[in-house]
Amino acid sequence: MNFIEDLKWRGALNQVTDETGLIDAMQSGEIGAYVGTDPTADSLHLGHLIPFMVLKRFQNAGGKAIIIIGGATGAIGDPRPTTERQLLSPEQLRENEKGITEQVTKLFGDDHTVIVNNNDWLGQLTLTDFLRDYGKLFSINVMLKKDVVASRLETGISFTEFTYQILQGIDFHELWRRHNVQLEIGGSDQWGNITSGIDLIHSIEGNEAKAFGLTIPLMTDSSGKKFGKSEGNAIWLNPEKTSPYTFYQFWFNQSDEDVVKYLKYFTFLGVDEINALEQESKNNPGGRVAQRRLAQEVTKFVHGEQAVSDAEKLSAALFTGDVANLSATDIADAFGGVPSFDITADKKNIVDFLVDGEVEKSKRQAREDVTNGAITISGEKVTDVNFEIDPTKHYEGKFVLVRRGKKKYFLGTVK
RNA sequence: GGGAGUGUAGCGAAGUCUGGCUAAACGCGACGGACUGUAACUCCGUUCCUUCGGGUUCGUAGGUUCGAAUCCUACCGCUCCCA
């Protein structure tokens with residue numbers, strides 16, 4: 001299977017400008033492909049992983065992966081279909097660029113990878129050069145027809161955001177020149193911006209210049225929700241923001257309906273292996289073999305081997321182990337990835353304890369959960385709202401382990 | 001600039017004409033519990049805060065009234081139509 005066939009099989013292809021042309025180009029020598037990311041936050045989340053997976057496959061298929069960190073475009077803001085974006089401060093942008101660059105480096109390695117910041121060229125561009133060299137090549141009439149822009153004509157769009165597609169087009173052309181980048185990859189909402197780039201390359205370099213675009217379908221789970229959220233929170237790639245344990249559990253808990261789709265999409269396993277896992281999942285869904293493999297593979301890709309074994313150790317402790325008899329060292333070891341809060345060694349009423357530790361948002365809720373039997377303290381179920389927690393009782397007086405519901409854990413650390 | 005409408009709990013949406021029975025229907029979501037495969041489905045409970053006496057809510061500020069989400073006035077936001 002070539003690159004495109006593989007993407008099709010994986011359900012990762014929405015549109016491509018010229019399929020055979022692209023395959024020919026890939027076969028005639030090493031070309032580059034790029035994905036751009038604007039530094040809108042200090043970390044990537046699972047939504048970002050979607051185009052990066054495709055770029056990684058391109059790299060694995062013998063191509064060169066180029067990632068743009070959009071220091072300049074991030075300062076402008078990619079128009080959203082609804083409302084104008086809030087501008088980020090330069091300090092915030094620098095901060096975000098740093099975090100994202102580190103993560104991308106981790107995902108792609110050094111080999112056949114180039115990470116660039118579009119501030120390097122867009123930042124140098126003067127207004128008159130911009131208008132003379134590029135502005136002339138863009139037709140307002142065409143720009144207005146792009147979906148995002150069209151949808152904003154009712155509610156309004158600033159000149160700044162309107163210009164974004166030109167900047168992204170310049171990016172593509174610049175990479176085409178500097179790094180032989182002939183392919184831009186993006187989400188399905190990026191189609192307009194990508195074709196702007198291709199048109200620009202053709203305008204400047206002539207129609208025979210090779211430039212392609214490829215978009216990826218919108219990811220949704222089987223219940224139709226946008227992919228990548230857990231309890232309404234984004235799953236971040238930064239282990240400080242989303243612990244590797246939570247990350248692992250996110251994948252482990254995927255439904256039978258979705259697991260094969262995600263195996264195809266988010267792992268580098270081959271056809272045979274995925275088919276085998278699909279079969280296994282159908283024959284013995286309770287074994288969750290496919291989910292486990294998915295969790296292992298993606299966690300390994302994002303956080304490394306060590307994180308996988310840590311997450312599995314912690315999962316085992318939480319779901320099968322006898323938590324009350326673990327040692328303080330085990331706790332420190334295994335529960336590092338769980339939300340934690342500081343406590344004192346003094347005895348404390350359970351309701352106050354839960355609210356102060358932000359396990360519960362109100363005393364009312366805390367009482368309700370205690371009464372319902374939803375709270376377990378260091379392995380011991382507590383149903384009495386007058387219960388006094390004695391932090392010296394377990395784990396050498398160092399920790400109090402709180403479980404709320406079936407699988408949410410919190411760790412109180414004695415200071 | 002002229003006209004119409006609208007603003008209710010995390011979201012959606014009743015209630016407003018015909019003031020009290022409304023801490024405010026119902027749906028979704030969320031959180032618990034049972035079941036289970038750390039699942040889905042289903043079922044049950046909770047979903048403003050509380051020292052459980054009560055306290056503070058229906059865009060904001062006033063007013064009428066024994067009593068207002070409901071009536072009156074002003075202001076703010078949003079939507080649509082006309083120019």
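Per chain, numbering begins at 1; letters A, B, ... match sequence-line order. Heavy atoms only: backbone and side chains are in, while hydrogens, waters and symmetry mates are out.
On the P atoms, B:rC43 is 23 Å away from B:rU38, given to the nearest whole Å. Remark: the separation of the C1' atoms in B:rU36 and B:rU51 is 41 Å, to the nearest Å. Using atom P as the reference point in both B:rG67 and B:rG29, the two lie 42 Å apart (nearest Å). A gap of 10 Å separates the P atoms of B:rA24 and B:rC48, to the nearest Å. When the P atom is used for both B:rU70 and B:rA61, the distance is 13 Å, rounded to whole Å. To the nearest whole angstrom, the two C1' atoms, one in B:rG53 and one in B:rC58, are 26 Å apart. When the P atom is compared between B:rU50 and B:rG3, the two are found 48 Å apart, to the nearest whole Å. Rounded to whole Å, the C1' atom of B:rG19 lies 23 Å from the corresponding atom of B:rC26.
Legend: residues meeting ring pair (Phe, Tyr, Trp, His ring centres under 6.0 Å) with A:Phe301, ordered by chain and number and at least two apart, are A:Phe268. Qualifying ring pair (Phe, Tyr, Trp, His ring centres under 6.0 Å) partners for A:Tyr395, counting only residues two or more places apart in sequence or in other chains: none. Remark: A:Asp189 pairs with no residue by the salt bridge (charged side-chain N to carboxylate O under 4.0 Å, His left out) rule, at least two apart or across chains. Listed by chain and residue number, nothing satisfies the salt bridge (charged side-chain N to carboxylate O under 4.0 Å, His left out) test with A:Arg367 (two or more places apart in sequence, or in another chain).
In terms of heavy-atom proximity, A:Ala311 sits nearest to A:Pro244 at CB-O, 4.3 Å.
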Compile the donor-acceptor pairs under 3.5 Å between side chains in residues 124-134 of chain A and protein atoms, sequence neighbours left out, one pair per line.
residue	atom	partner	partner atom	Å
A:Thr126	OG1	A:Asp129	N	3.2
A:Thr126	OG1	A:Asp129	OD2	3.2

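Using Watson-Crick or G-U wobble geometry with both donor-acceptor distances under 3.5 Å, B:rC17 finds no partner in any strand shown. In this structure B:rA4 sits in a base pair with B:rU79, meeting the Watson-Crick or G-U test at under 3.5 Å. Base pairing annotation: B:rA74 forms a Watson-Crick or G-U wobble pair with B:rU60, both donor-acceptor distances under 3.5 Å. As the counterpart of B:rG67, no nucleotide is assigned, since no Watson-Crick or G-U wobble pattern has both distances under 3.5 Å. Judged by Watson-Crick or G-U wobble contacts below 3.5 Å, the nucleotide B:rU22 has no partner. In this structure, B:rA34 forms a base pair with B:rU42, meeting either the Watson-Crick or the G-U wobble geometry with both donor-acceptor distances under 3.5 Å. Base pairing analysis places B:rG27 opposite B:rC11; the two distances defining the Watson-Crick or G-U wobble pair are each below 3.5 Å.
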Protein-nucleotides 39-42 of chain B N/O pairs closer than 3.5 Å?
residue	atom	partner	partner atom	Å
B:rA39	OP1	A:Lys407	NZ	3.0
B:rA39	O4'	A:Arg288	NH1	3.3

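Syn is the glycosidic conformation of B:rG53, whose angle stays within 90° of 0.
Screening residues 33-73 of chain A for ring-ring contact (aromatic ring centres under 6.0 Å, His included) gives A:Phe3-A:Phe58, A:Tyr34-A:Phe172, A:His45-A:His48, A:His45-A:Trp236, A:Phe52-A:Phe108 as the qualifying pairs, with residues at least two apart or on separate chains. Residue pairs that meet the ring-ring contact (aromatic ring centres under 6.0 Å, His included) test with at least one member in residues 352-392 of chain A, sequence neighbours left out, are A:Phe341-A:Phe353. Here salt bridge (Lys or Arg N to Asp or Glu O under 4.0 Å) pairs that include residues 236-253 of chain A, with residues two or more places apart or in two chains, are A:Asp42-A:Lys241. Within the structure, salt bridge (Lys or Arg N to Asp or Glu O under 4.0 Å) pairs that include any residue of residues 4-16 of chain A comprise A:Asp6-A:Arg10, A:Lys8-A:Glu19 (at least two apart or interchain).
Heavy-atom distances to RNA chain B give each of A:Gly405 and A:Gly286 a nearest nucleotide, and the one nearer the 5′ end belongs to A:Gly405. For the pair A:Lys381 and A:Gln291, nearest-nucleotide mapping onto RNA chain B gives the more 5' position to A:Lys381.
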Under 4.0 Å protein heavy-atom contact, by nucleotide of nucleotides 53-58 of chain B - B base, S sugar-phosphate only: ------

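Side-chain contact annotation: A:Gln190 with A:Thr215, donor-acceptor N/O pair under 3.5 Å absent. Side-chain atoms of A:Asp256 and A:Gln291 include a donor-acceptor pair closer than 3.5 Å. Side-chain atoms of A:Ser188 and A:Asn14 form no donor-acceptor pair, as typed in the model, at a separation below 3.5 Å.
Taking atom CZ on A:Phe319 and atom C1' on B:rU38, their separation rounds to 4 Å, with Å as the unit. Taking atom CG on A:Asn372 and atom P on B:rA30, their separation rounds to 18 Å, with Å as the unit. One interatomic measurement links the two molecules: CG of A:Asp352 to P of B:rU51, which rounds to 9 Å at whole-angstrom precision. Counting to the nearest Å, the P atom of B:rU51 and the CG atom of A:Asn386 are 12 Å from each other. Here B:rG37 presents its P atom at 24 Å from CZ of A:Arg293, a figure rounded to the nearest Å. Put simply, CG on A:Leu294 is 15 Å from C1' on B:rU38, counting in whole angstrom units.
For RNA chain B, the residues of residues 358-371 of chain A within the heavy-atom distance limit of 4.0 Å (strictly under) are A:Lys361, A:Ser362, A:Lys363, A:Arg364, A:Gln365, A:Arg367, A:Glu368, A:Asp369, sorted by number.
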